[in-house]
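All values derive from a computational prediction rather than experimental measurement.
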Amino acid sequence: MAELEPLYTADEMKAAEAGHDVDAMMERAGSAVAAAVARDYPGAHVVAVCGKGANGGDGRIAARKLGAEAVEVGAGLPEADVVIDAIFGTGFHGEPREEAARSIEAIRNANVPVVAVDIPSGVNASTGEVAGVCVDATTTVTFHGEKVGLAVAPGSLHAGLVEVADIGLEHAETGHALVTSEIAGRVPRRQRGGNKYRSGSVLAVGGAPGLTGAVCLAAEAAFRADAGYVTVCAPRESLPVVEARLLEAVKRPLEEVFEAAERAGSLALGPGLGRGDEVRQLVRRLLEETELPAVVDADALFGFEPVERDAPIVLTPHSGELARLLDVATSWVDAHRLEAVHRALERFRCVVLLKGSETIVAAPDARTLISAGTPRLATAGTGDVLTGVIAAFLAKKLQAQLAAAAGARIHADAALATPHERGLVASDVIAQLPGVLDATL
């Protein structure tokens, strides 16, 4: 598996299919769907709901090979053990019309496993957006390569298990790519003859009273992501708490932050920093007056404005924080995640990492990278851990978008490596980081 796997839009799939035998591709696609159904549901009574386009043709071929019943869109749905959804393909966008919506609702209400052909009907294959009703698939058998809409929420939340079937096409460059665990191999290792500073020196700025846990998590994560030196700058009144919590990190009062920056290789701004005009001014000064690559997260995102600088910035908002930055509703960001990221990219002209059920990492004039997430990370403090990991990779001089994408993938893999699914806390993720990095040695 490659570090980055292509994700296709509808237009990119159309280009990939151009000049190929349509009947041969449909035969392969229908056969792949039939094979998946026969494997997972042997002996089941199967009904395929088929639209009028090529997707419907794929469904009819699958039904024929299975000896299953095929019904048209808008017809009643017979009783079935398994339903094949072949209503809409990758060219669909917008809301389903009444007849199709009725069939989609019938599939949803059948309460049986659903195998979607190429993409769950109602999901925009190019964006993951869902404008109306859509199918909830148990499995999606997609062709040639995974589609953007299967990797980005809300579409990804309706796709179930995604299988990619070969239909005889050549892979091409795409505008979006899926980040795999192989990307961990790109994180620079410590070198013979190096020292703690060359291994990556991180300056974490945050830890206001009552919020010291955030900066401590970021600092610990930076160490476990293989940084050699971490300094925490926090308000003076917070230092006794930070001192008690962190053993290896250097602790300095916030008024010494510019002096501390002189020996740093990257900045981690925001974990528990607090809010207010003074904080915003400090964040801006650190970005304008230093040439260190920076991760800007949490409180440092509050009221953040574009900054002109040569060194890279990585913004790491969740959907609520991005909504504030764009002056839109959080619900709009959740429904239009790709568009929201690219709006932020246009405004801030830096790397933008949107956290959520998957992580989207966009950068100016670059492919958009998408890393699958895990519900295990839906717990307090994991965002601070991600900040520390990305800061460590930036301090190791990894290119900014790659550092953010690698951080997101390794962060998720560390959560998946924990021995328990329930009751996971952010510190559990930190503990698994070295093992995930070592797996690439």
Side-chain angles (χ1 to χ4, degrees), residues 201-225 227 229-261 264 266-287 290 292-304 313-322 324-325 353 355 377-392 394-395 404 407 411 424-431 433:
S201 176
V202 174
L203 172 58
V205 184
L211 303 171
T212 52
V215 78
C216 290
L217 287 169
E220 289 180 348
F223 269 128
R224 292 302 188 183
Y229 193 87
V230 178
T231 301
V232 171
C233 276
R236 192 175 293 274
E237 58 268 37
S238 297
L239 289 181
V241 179
V242 177
E243 188 76 60
R245 180 66 178 83
L246 290 177
L247 181 63
E248 294 88 356
V250 174
K251 280 73 69 174
R252 301 184 70 163
L254 202 54
E255 54 264 30
E256 296 179 9
V257 67
F258 285 94
E259 184 180 342
S266 71
L267 298 172
L269 303 178
L273 186 57
R275 298 177 181 177
D277 290 341
E278 288 187 7
V279 168
R280 286 198 297 272
Q281 291 169 11
L282 175 63
V283 169
R284 191 165 192 88
R285 281 191 62 203
L286 282 166
L287 293 174
T290 73
L292 299 174
V295 189
V296 180
D297 184 36
D299 290 337
L301 290 168
F302 195 77
F304 186 80
I313 298 174
V314 179
L315 305 183
T316 59
H318 55 58
S319 57
E321 291 164 336
L322 186 55
R324 284 196 297 271
L325 289 172
L353 180 155
K355 295 179 281 198
L377 289 170
T379 186
T382 54
D384 304 309
V385 173
L386 179 61
T387 295
V389 173
I390 296 172
L394 289 173
H411 187 234
L424 179 146
V425 296
S427 296
D428 297 333
V429 179
I430 293 173
L433 290 170

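- Listed here is the closest heavy atom pair of P271 and A218: CG-CB, 3.9 Å.
- Contact annotation: the side chain of D297 approaches that of K355 to within less than 4.5 Å [non-hydrogen atoms, C-beta and beyond].
- A 6.0 Å sphere centred on CD of E278 holds no more than 12 heavy atoms belonging to other residues, nucleotides or ligands.
- Under the 4.5 Å side-chain criterion, counting only non-hydrogen atoms from C-beta, Y229 is in contact with V250.
- Of the possible donor and acceptor atoms, none in the side chain of T212 sits under 3.5 Å from a partner among the backbone N and O of V241.
- Here L273 contributes atom CG and L301 contributes atom CG; the two are 10.5 Å apart, rounded to the nearest 0.5 Å.
- Considering CZ of F304 and CD1 of I313, their distance stands at 4.5 Å, rounded to 0.5 Å.
- Residues V230 and E248 fail the side-chain proximity criterion, which asks for heavy atoms closer than 4.5 Å.
- In terms of heavy atoms, R236 sits closest to P253 at NH2-CG, 3.5 Å.
- Closest heavy-atom contact between K251 and L246: NZ-O, 3.0 Å.
- Looking at every heavy atom in both residues, D299 comes nearest to G272 through OD2-C, 3.6 Å.
- Considering CG of L267 and CG of L287, their distance stands at 7.0 Å, rounded to 0.5 Å.
- Minimum heavy-atom separation, R245 to C216: CG-SG, 3.6 Å.
- The shortest heavy-atom contact between A225 and L433 is N-CD1, 4.5 Å.
- You'll find the side chain of I390 reaches within 4.5 Å of the side chain of L353, heavy atoms only.
- L386 CG to L217 CG: the interatomic distance, rounded to the nearest 0.5 Å, is 12.0 Å.
- Considering CG of L269 and OG1 of T387, their distance stands at 9.5 Å, rounded to 0.5 Å.
- Distance check, rounded to the nearest 0.5 Å: CG of L282 to CG of D277 gives 12.5 Å.
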### Query
S266 and V295: side chain to side chain contact (heavy atoms under 4.5 Å, CB included), yes or no, with the steps?
CA-CA 8 Å; S266 71; V295 189; over 6 Å; no
